[in-house]
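As the structure is a computational prediction, the values presented were derived from the model and not from experiment. In the text below, chain A, chain B and the rest are named by the order of the sequence lines, each starting its count at 1.
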Amino acid sequence: MSKYNHKEVEKKWKKNWEKSEIYKTKEPSFAKATAGKAKYYVLDMFPYPSGAGLHVGHPKGYIATDIVARMKMMQGFNVLHPMGWDAFGLPAENYALKNKVHPSDGTAKNVATFKKQLGLLGFTYDWDREVNTTDPKYYKWTQWIFLQMFKKGLAFESFAPINWCPDCKTGLANEDLEGGLCERCGSEIERKPMRQWVLRITDYAEKLLSGLDTLTAWPEHIKKMQSDWIGKSEGALVDFKIKDSDQTLKVFTTRPDTLFGATYMVVAPEHPLISENLDKISNKKAVQEYIEVAKSKSDLERTELQKEKTGVELKGLKAINPLTNEELSIFMADYVLFGYGTGAIMSVPGHDERDWEFAKKYKLPIVDVVLPVNEKGDVLFDANNLSDKPFTEDGVAVNSDFINNLPTPQAKEKMLSYLEEKGIGQRKIQYKLRDWVFSRQRYWGEPIPLVHCEQCQNKKYNYIILHGFSGTADKNGPNRGESNNWRPWIKSKLEDKGNKVFCPNLPNTFEPNIEEQVQYVIDNVGFEINDGTIIVGHSLGAVVIYRLLEKLNKKVGKVVLVDPVVTDNFVDHERPKVTKSCNWKFNFEKIKKLSKEFIVLGDSDFGVIFEKDIKDLVENLTAKLILSKPSAGHFTAEQEPSVWGVLDQNGWVPVPEKDLPLELPKVKNYEPSGTGESPLATISDWVNTSCPQCGGPAKRETNTMPQWAGSCWYYLRYEDPHNTKELVSKEKEKYWSPIDLYVGGAEHATRHLIYARFWHKFLFDIGMVNYDEPFTRLQNVGLILAEDGRKMSKRWNNVINPDDVVEEYGADAMRLYEMFMGPFDQPCAWSTKGVVGVRRFLERAWTLAEKVKSDIVIPVKTGIHGVGSPIKSGMTTVLHQTIKKVSEDILALHFNTAISSMMELVNEMNKVPNVSKEDFVLLLQLLSPFAPHITEELWSQVGNKGSIFESVWPQHNAELAKDTEITLAIQINGKLRDTILVSADISEEEAKQASLNSEKVQKWLEGKTPKKVIYVKNKLVSIVV
RNA sequence: GCCCAGGUGGUGUAAUGGUAGCCACGCAGGACUUAAAAUCCUGUUCCUUCGGGAGUGCGGGUUCGAGUCCCGCCCUGGGCACCA
């Protein structure tokens, strides 16, 4: 037999596989019912094709998924195992700038290099399904998804200060920072007010958080990182009156139970309270100086570690504790962040470390209102016995009037009810998650498919805004009922822009009569209702609109129905009054024709209006449906951005879907300007266009999307990569999704994995996909470090190139080594010596073939199992144990132990003179997912036809895997004293007796009688004396 | 500072509460060879008076029995960064 020549073997089989198309994904015919085979979708996080090419660290995850894919294939699954390129973004652009090639050319070249390198390793990719985020055919759908978000008010223009990287010359999302520095280049980030497109990911905070509970096959620490990142805290907003003023200072607290311990207030330097009251502040100069200093500091400086807290009192301003009516001083300090909560706090130094530190420094009063208790509920020390640290944990309330003696959770609850009852506060949930700054002032990204039209922006409309029933408004405060929700807020916003707004309080909202209310509108509107009129109706107000349109029989410009009543069936305890308000018969056929556009804005919880009614209405009116989670249920909050999002005439008009993709123009000069303008802004041919809405002159948005955009949904495209009508067919998505196994680096925990879940949940909400979580099981791949223990990098000159390893040791040895080097999810340093070790193993397997004699079987009747039992060779037991171990380990991604057990098997086979063909073939099958080329060759050498990957994965036989003899350990007082070889089916009594009979045991017992003898089946006998 | 993961031979590592160190690397000795490489065989946690003794970061505890569980420290890696 010839020597193992990996180059010949690998070349031969790669060619063979290509010819036979063995790795082409076998998609069931969806039309016919042939989809009987179970599917398995195994995915890698697709690579960024950088100019440096692959190093040996990159393929580690790909090898793992390839092994799982091959085993699943042999186990009879329809396997989807695709690969593609995440190619937009800064690194490619910077590389292009440096090397003076256009990013698109550079990317194409890098993709070719990566593909060639991956090709060497013998993966099962079906390249017909390759995706590339920079391909217009692909990013057409990235843009399409963005437009759907825009239309639902989830993408909005913002002018708020954001993170700006002066080096990369672009704005960044919170997720793009690492400890206040740019994650890409390490520059210090500036806070800069800029025009940005922002995605309202915070609308999905709750869904992203609660969804984690369903992801039982995700690593706990990744889920933890995500939930920390979302950072939910439950608490209360509390209003503190400002003394001698009608202003109130609103604070957020998670400890409403400590309200009696609030001894002063603190606001952030940016807080409007300061600018609005400058005249009243007696130490104005000191205050302004502090603000100047705070402004000049970078974010990093402001939050620097171990920094002593600073602040200035706002002298002349006092707040009133709403419970005690005590006067509280107000401070301004930069340890209070303007961007979180209300930008102001009540300071409880007795029970908060930061407040304590500040109070100590400025000698402010400290009051204890919570005391620690033991498990029985006994108070541990009294309130006068102040410790040298604030007590920040749960305990029991003291010095707190009506909540005294209550344990913290109950104290919180009682205080919350009290605050709400008295109208001085309400429950509030806060998240740390920030909205996603989604635009980049750079060239190499997806163009944002929007145009700005001044004509549309400046066009004036006449608005009618109608509410409905408000039966309980007077009884239960401002947020219940219809008389005082977002209508005044929206009215003034629209009027500010020069629109006419008719926003009446309709008559008899306590016991409404629709006909009466319609007549009221007609009589009082004060302008002509025509196709320049936009009518907004909330709840029962929608019903008024149906009748109004019927009665007027005139076409209007737009109708917006906000959580509209449709039938007399909805959730409200005073429903009977509403039921009587009309006859509930509407001619929707007619109504449908009476507005240019209908928009239904529904509460995605369907808490008041039932889903069926909403869906029916949308169908009857062919309306555009926008489901969202309003600030308060049934859109009853005082300010409601989602309603404003629908009404705002900001002049932004989406590029019509039929015109997608909006292609990135190929330009010569794509350097970032640094002014906050994208390089695209200089291409006037491209920028100047016409408005798709009014036909007038318009300008294109010139910012591009961030690198993360394309990777938010690529896994869906693999399921249906050539679809020109949809991003993925729902049928195919239903079959292939969700992803059964997703493998990638842990560094994506709070970036890609949160963004992708967000987009997926959005696609689920608009009905584009069938499942609400994209990745069923997630596994992290551990980094491969260089031989010196550092990260592989050109800078250290320690990069190992996979091409060289493949050349010298072969792809199979490289694959095997990367899986053998340690636990898959753990970082591990590369060792060339280690590659040598697995290469030796492959050579031993190769030479083992010489011993294979198909005509020689060494049958050993097991005896134990009696007549009719299976014939065993000398290898049978260990073989079946190995089949079990390897199959289980591959699924669990414990590749290192799988390989180790195969090494043991080969060592066993090496010890015997002959190996049966049956046994050898089983070994080859187990090894084949790891080392596909060599096993394919040996498979054919021992006389098999076809590919080993078309063979059926072996199953272990539990009976055959059982040892016939076992070694029992004997312990005396916990110390090992002897081992004995016994039959595996030995009884407990026999085992104990045999142990006591052992000579060594006799010697150690020295005639003493054992107190106790413990038998652990098949393991040991423990004797206690 | 807070949270999470982890500390086992010279090295990478393995061990459902049950014989610690499987499988490899390295090293030492031997076989083959004129010689070397390659390959094969043997040994390889430490101490030892060869009976044993000690040993999984350190100190305690639970248990017949702890690398594994509990408590308190130390160290390494990762995440968060004054989020009220």
Side-chain angles (χ1 to χ4, degrees), chain A residues 3 177-180 219-229 231-233 235 251-255 258 262 266 268 299-300 302-307 309 333-337 339-348 351-355 357-358 392 430-434 746-747 749-750 780 783 817 820-823 825-838 840-841 843-844 847 894 896-907 910 967-979 1003 1010-1025:
Chain A
K3 235 183 124 219
L177 308 191
E178 244 164 32
E220 282 306 318
H221 69 277
I222 299 289
K223 288 195 277 182
K224 179 89 169 57
M225 274 166 74
Q226 289 211 350
S227 88
D228 285 353
W229 189 259
K232 178 180 183 175
S233 20
V251 303
F252 173 69
T253 176
T254 53
R255 290 296 299 271
T258 61
V266 189
D299 255 30
L300 199 66
R302 256 177 85 161
T303 58
E304 225 164 54
L305 274 168
Q306 286 136 358
K307 196 192 67 170
K309 299 200 169 14
D334 64 2
Y335 82 90
V336 171
L337 308 173
Y340 183 80
T342 61
I345 61 159
M346 63 177 202
S347 187
V348 186
H351 305 286
D352 181 282
E353 261 174 67
R354 296 149 300 177
D355 296 344
E357 208 182 298
F358 192 78
T392 57
Q430 275 287 338
Y431 300 93
K432 284 189 216 169
L433 186 71
R434 290 288 113 97
E747 68 274 15
T750 55
N780 290 132
L783 212 64
Y817 172 63
F820 183 62
M821 58 198 302
D825 57 357
Q826 200 176 286
C828 194
W830 181 267
S831 152
T832 303
K833 295 256 176 69
V835 189
V836 173
V838 293
R840 281 182 200 150
F841 163 66
E843 279 170 8
R844 279 199 294 272
T847 43
H894 294 165
N896 54 334
T897 50
I899 294 167
S900 145
S901 72
M902 286 187 285
M903 286 175 167
E904 284 176 69
L905 179 61
V906 168
N907 290 348
N910 251 325
T967 311
L968 273 189
I970 306 173
Q971 292 181 350
I972 297 173
N973 286 347
K975 293 222 183 265
L976 182 72
R977 293 307 180 194
D978 198 8
T979 56
K1003 206 178 105 199
K1011 251 195 248 168
K1012 205 166 154 191
V1013 182
I1014 295 154
Y1015 175 62
V1016 182
K1017 195 162 163 30
N1018 291 350
K1019 287 274 158 66
L1020 56 62
V1021 177
S1022 182
I1023 301 166
V1024 191
V1025 288

Measure all distances between protein nitrogen or oxygen atoms and nitrogen or oxygen atoms of nucleotides 4-14 of chain B, and list the pairs falling under 3.5 Å.
unit_1: B:G12; atom_1: O2'; unit_2: A:M821; atom_2: O; d: 2.4
unit_1: B:U13; atom_1: OP1; unit_2: A:Q826; atom_2: NE2; d: 2.7
unit_1: B:A14; atom_1: OP1; unit_2: A:N896; atom_2: ND2; d: 2.9

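Look at A:R840 and you won't find any side-chain N or O under 4.0 angstrom from OP1 or OP2 of B:C40. OP1 or OP2 of B:A54 has at least one side-chain nitrogen or oxygen of A:K975 nearer than 4.0 Å. Regarding contacts with the backbone of B:G53, a side-chain N or O of A:R977 is found under 4.0 angstrom from either OP1 or OP2.
B:G9: no Watson-Crick or G-U partner with both key distances under 3.5 Å is found in any strand. Remark: B:G72 base-pairs with B:C58; criterion is Watson-Crick or G-U wobble with both hydrogen-bond distances under 3.5 Å. Using the Watson-Crick or G-U wobble rule with both distances under 3.5 Å, B:A14 pairs with nothing in any strand shown. Here B:A81 sits opposite no nucleotide as a Watson-Crick or G-U wobble pair (both hydrogen-bonding atom distances under 3.5 Å). Base pairing of B:U63: no nucleotide in any strand meets the Watson-Crick or G-U wobble criterion (both distances under 3.5 Å). Both distances falling under 3.5 Å, in either a Watson-Crick or a G-U wobble arrangement, occur for no nucleotide opposite B:U34. Under the Watson-Crick or G-U wobble criterion, with both distances below 3.5 Å, B:C27 is paired with B:G43.
In this structure, A:N1018 atom CG and B:A15 atom P are separated by 20 Å, rounded to whole Å. When the C1' atom of B:C82 is taken as reference, atom NZ of A:K432 falls 11 Å away, rounded to whole Å. If you measure from atom CG of A:L337 to atom P of B:A84, you get 10 Å, rounded to the nearest angstrom. Atom CG in A:N973 sits roughly 17 Å away from atom P in B:U19 (whole-Å rounding). Rounded to an integer number of Å, the gap from A:R844 CZ to B:C23 P is 11 Å. In this structure, A:R434 places its CZ atom 10 Å from P of B:A81, rounding to the nearest Å. Counting to the nearest Å, the P atom of B:C64 and the CD1 atom of A:I1014 are 7 Å from each other. In this structure, A:L976 atom CG and B:G55 atom P are separated by 15 Å, rounded to whole Å.
Here the side chain of A:D352 pairs no donor or acceptor atom with the backbone of A:S347 at under 3.5 angstrom. In this structure a side-chain-to-backbone donor-acceptor pair under 3.5 Å is present from A:R434 to A:G339. A distance-only check finds no donor-acceptor pair linking the side chain of A:Y817 to the backbone of A:G837 [under 3.5 Å]. At distances below 3.5 Å, not a single donor-acceptor pair connects side-chain atoms of A:D825 with backbone N or O atoms of A:N780.
Straight-line distance between the P atoms of B:G57 and B:G6: roughly 13 Å, to the nearest whole Å. The same atom, P, is picked in B:G67 and in B:G18; the two are 10 Å apart, to the nearest Å. Nucleotides B:A20 and B:A54 have their C1' atoms positioned 13 Å apart, rounded to a whole Å. A distance of about 14 Å separates the P atoms of B:C4 and B:C73, rounded to the whole Å. Separating the P atom of B:U8 from that of B:C69 is a span of 16 Å, rounded to the nearest Å. The same atom, P, is picked in B:G1 and in B:U56; the two are 29 Å apart, to the nearest Å. Comparing the same atom, P, in B:C71 and in B:A5 gives a spacing of 13 Å after rounding to whole Å. Remark: the separation of the C1' atoms in B:U49 and B:G60 is 34 Å, to the nearest Å.
With A:I970 as the fixed residue, the side chain to side chain contact (heavy atoms under 4.5 Å, CB included) test singles out one of A:T979, A:L1020, A:I1023: A:I1023.
At the heavy-atom level, A:K1012 lies under 4.0 Å from the strands shown only through sugar-phosphate atoms. At a threshold of 4.0 angstrom between heavy atoms, the contacts of A:N907 are confined to the sugar-phosphate backbone, with no base atom among them. Residue A:G834 is out of contact with every strand shown, counting any heavy-atom pair closer than 4.0 Å. A:S901 comes within 4.0 angstrom of nothing in the nucleic acid, heavy atoms only. Residue contacts for A:K833: at a heavy-atom cut-off of 4.0 Å it reaches the sugar-phosphate backbone alone, with no base atom in range. Residue contacts shown for A:S831 are absent, as no nucleic acid heavy atom lies under 4.0 Å away. A:Q971 comes within 4.0 angstrom of a nucleotide base, judged by non-hydrogen atoms across all strands.
In terms of position along RNA chain B, the nucleotide closest to A:L1020 lies nearer the 5' end than the nucleotide closest to the other residue of the pair A:G231 and A:L1020.
Glycosidic conformation at B:G17 (O4'-C1'-N9-C4 for purines, O4'-C1'-N1-C2 for pyrimidines): anti, more than 90° from 0. Classification of B:G51 as syn follows from a glycosidic angle within 90° of 0.
You'll find that the side chain of A:M225 is closest to B:G79, out of B:C80, B:G79, B:U19. In the set B:U19, B:C22, B:A84, B:A84 carries the atom at the smallest distance from any side-chain atom of A:T254. Nearest to the side chain of A:Y335, among B:G52, B:C82, B:U19, sits B:C82. When distances run from any side-chain atom of A:K1003 to the nucleotides B:C3, B:G52, B:U16, the shortest one goes to B:G52. When distances run from any side-chain atom of A:S900 to the nucleotides B:C22, B:U19, B:C80, the shortest one goes to B:C22. Considering only side-chain atoms of A:K1019, the nucleotide from B:C64, B:U16, B:A84 that sits closest is B:U16.
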**OP:** Might you work through the side-chain contact (heavy atoms from CB on, under 4.5 Å) test for A:D355 and A:I345, ending with a clear yes or no?
**Re:** CA-CA 10 Å; A:D355 296 344; A:I345 61 159; 3.5 Å; yes

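Using a 4.5 Å cut-off on side-chain heavy atoms (C-beta onward), A:V838 and A:M903 make contact.
Rounding to the nearest 0.5 Å gives a distance of 8.0 Å between CD of A:Q430 and OG1 of A:T342.
Relative ring orientation between A:Y335 and A:F358 is described as tilted, the plane-to-plane angle lying within the 30° to 60° band.
Remark: A:E843 does not engage A:R840 in a salt bridge, criterion side-chain N to carboxylate O under 4.0 Å.
Looking at residues two or more places apart in sequence or on another chain, you find a side chain to side chain donor-acceptor pair (under 3.5 Å) between A:S233 and A:Y340.
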